Amino acid sequence: MTAAVAEVKTVADLAHQPEEYRIAVEKIVVSHAVNELHGARVFDEPAIALAPTPYAKWLTCRVAMEEYHHHVRFRALADEIGVAPERMEPTVKRPLSIFEFQLKTWPEFCVIKAVADYAEVLQVEDLLHCTFHPLRNLARVTMPEEKFHAKFGKDFCLELIAAGRGNEVQDALDRYLPITPAFFGASASKNNEMYRRLGLKQRSNDEMRSDFMARVTELVEGDFGLRLPVIH
């Protein structure tokens with residue numbers, strides 16, 4: 001096994017690291033670049049038309065803009081470290097399964113933001129102390145926006161519940177939340193083991209999934225006063 005690598009402070013320094021380390025960095029950066037773009041395309045941009053008021057449309061536009069900007073940032077880092085552009089095509093790197101959900105309503109989008117962006121907050125948290133500083137710095141810039149997106153979803157879900165539309169929020173939760181834990185990847189992930197060994201990530205997929213479920217349970221049952229769907 002390759003020994004854990006010390007702090008890598010610049011893109012130029014990355015070229016001098018072991019191949020395994022460089023491959024691991026590339027995998028993480030490509031995954032974020034691909035999924036940020038795909039999520040913006042299938043959820044955030046279409047949701048602008050679903051937003052019920054000018055204020056909601058304005059905030060949704062901001063969310064979409066920031067999600068696209070996350071892709072731009074990760075894509076720029078991918079270019080800097082020499083990732084071939086074709087590796088970031090959805091036909092080559094398949095987006096996460098959570099993006100296969102067919103968005104049709106405003107309550108669905110609010111739930112997606114409250115839940116899926118909560119999951120993304122945990123993923124970004126895990127990069128805040130990674131040994132590759134350009135990725136660490138990118139996570140620190142991205143984190144406040146991811147937290148805003150999750151709060152956006154929570155606030156609008158609460159608004160819907162207060163308006164007597166809690167059944168629509170519950171229905172969206174029942175259909176979307178059960179597919180969200182897969183966001184964190186397989187339990188016995190060789191990639192995750194490599195990331196942790198090299199200091200790029202801190203927690204196992206199962207540890208992050210467990211943390212997510214604890215937080216989302218408090219969100220659904222505590223903040224929303226709704227029922228947590230059965231998750232197999």
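Throughout, numbering of the chain's residues begins at 1 and tracks the sequence. Remember, it's a predicted structure, so these values are computed and weren't measured experimentally.
Both cation-pi conditions hold for Arg62 and Phe148: the charged atom is under 6.0 angstrom from the six-membered ring centre and inside a 45 degree cone around its axis.
Minimum heavy-atom separation, Thr131 to Leu198: OG1-O, 3.1 Å. A pairwise comparison of heavy atoms in Asn191 and Lys27 identifies OD1-NZ, 3.2 Å as the closest pair. The heavy-atom pair separating Val25 from Ile81 by the smallest distance is CG1-CD1, 4.0 Å. Taking every heavy atom of both residues into account, Arg75 and Pro85 meet most closely at NH2-CB, 3.6 Å. Considering all non-hydrogen atoms of both residues, Asn192 and Ser204 come closest at OD1-CA, 3.2 Å. Shortest non-hydrogen contact noted between Pro95 and Asn35 is CA-OD1, 3.3 Å.
Of the N and O atoms on the side chains of Glu66 and His69, not one donor lies less than 3.5 Å from an acceptor on the other residue.
In this structure, Glu36 does not pair ionically with Arg73, as no charged nitrogen and carboxylate oxygen lie closer than 4.0 Å. A salt bridge does not link Asp117 with Lys147: none of the charged nitrogens is closer than 4.0 Å to a carboxylate oxygen. Under a 4.0 Å N-O distance rule, the pair Arg165/Glu159 does not qualify as a salt bridge. Electrostatic pairing of Arg215 and Glu125 counts as a salt bridge here, judged by a charged N lying under 4.0 Å from a carboxylate O. By the 4.0 Å N-to-carboxylate-O rule, Glu45 lies too far from Arg41 to be salt-bridged with it. No salt bridge links Lys201 with Glu207; every basic N to acidic carboxylate O contact stays at or beyond 4.0 Å.
The ring-ring contact (aromatic ring centres under 6.0 Å, His included) check on Tyr195 picks up nothing, with sequence neighbours excluded. Residues meeting the side chain to side chain donor-acceptor pair (under 3.5 Å) test with Gln102, sequence neighbours left out: none. For Phe99, the ring-ring contact (aromatic ring centres under 6.0 Å, His included) criterion is met by His38, Phe43, not counting sequence neighbours. In terms of the ring-ring contact (aromatic ring centres under 6.0 Å, His included) criterion, residue partners of Tyr176 (sequence neighbours excluded) are, by chain and number, Phe101.
Using cut-offs of 30° and 60° for the angle between ring planes, the Trp106 and Phe152 rings count as perpendicular. In this pair, Phe156 and Tyr55 present their aromatic rings tilted. The plane angle is within the 30 to 60° band.
Residues Arg227 and Glu221 are not in side-chain contact: their nearest non-hydrogen atoms beyond the backbone lie 4.5 Å or more apart. Annotation: side chain of Leu127 is not in contact with side chain of Leu200 (no heavy-atom distance under 4.5 Å). Considering only heavy atoms from C-beta on, Gln202 stays 4.5 Å or farther from Leu128 through its side chain. Within the 4.5 Å cutoff, the side chain of Cys110 has heavy atoms near those of the Leu160 side chain.
Hydrophobic cluster membership of Leu37, counting Ile, Leu, Val, Met, Phe, Trp and Tyr whose side-chain heavy atoms lie under 4.5 Å apart directly or via other members: Tyr68. Grouping Ile, Leu, Val, Met, Phe, Trp and Tyr residues whose side-chain heavy atoms lie under 4.5 Å apart, directly or via other members, leaves Ile23 alone, with no other cluster members.
Once rounded to the nearest 0.5 Å, the distance linking CD1 of Ile28 with CG of Leu138 reads 11.5 Å. Here CZ of Arg203 is found 10.5 Å from CG of Asn205. Values are rounded to the nearest 0.5 Å. Atoms CG and CG, on Asp206 and Asp211 in that order, are 12.5 Å from each other to the nearest 0.5 Å. A distance of 8.5 Å separates CZ of Phe183 from CE of Met208, quoted to the nearest 0.5 Å. With rounding to the nearest 0.5 angstrom, the CG atom of Leu14 is 4.5 Å from the CZ atom of Phe132. Atoms OG1 and CZ, on Thr180 and Arg209 in that order, are 11.5 Å from each other to the nearest 0.5 Å.
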Exercise. After noting the C-alpha distance and the side-chain angles of Asp174 and Gln170, does the key distance pass the side chain to side chain donor-acceptor pair (under 3.5 Å) rule?
Worked result: CA-CA 6 Å; Asp174 289 344; Gln170 183 70 65; 2.9 Å; yes
For this session: Would you sort out whether Asp155 and Lys151 count as a salt bridge (charged side-chain N to carboxylate O under 4.0 Å, His left out), showing the intermediate values?
Result: CA-CA 6 Å; Asp155 288 347; Lys151 186 177 186 300; 2.6 Å; yes
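Within 6.0 Å of NZ in Lys57 there are more than 12 heavy atoms belonging to other residues, nucleotides or ligands.
For the salt bridge (charged side-chain N to carboxylate O under 4.0 Å, His left out) with Lys113, the lone residue among Glu67, Glu146, Glu108 that qualifies is Glu67.
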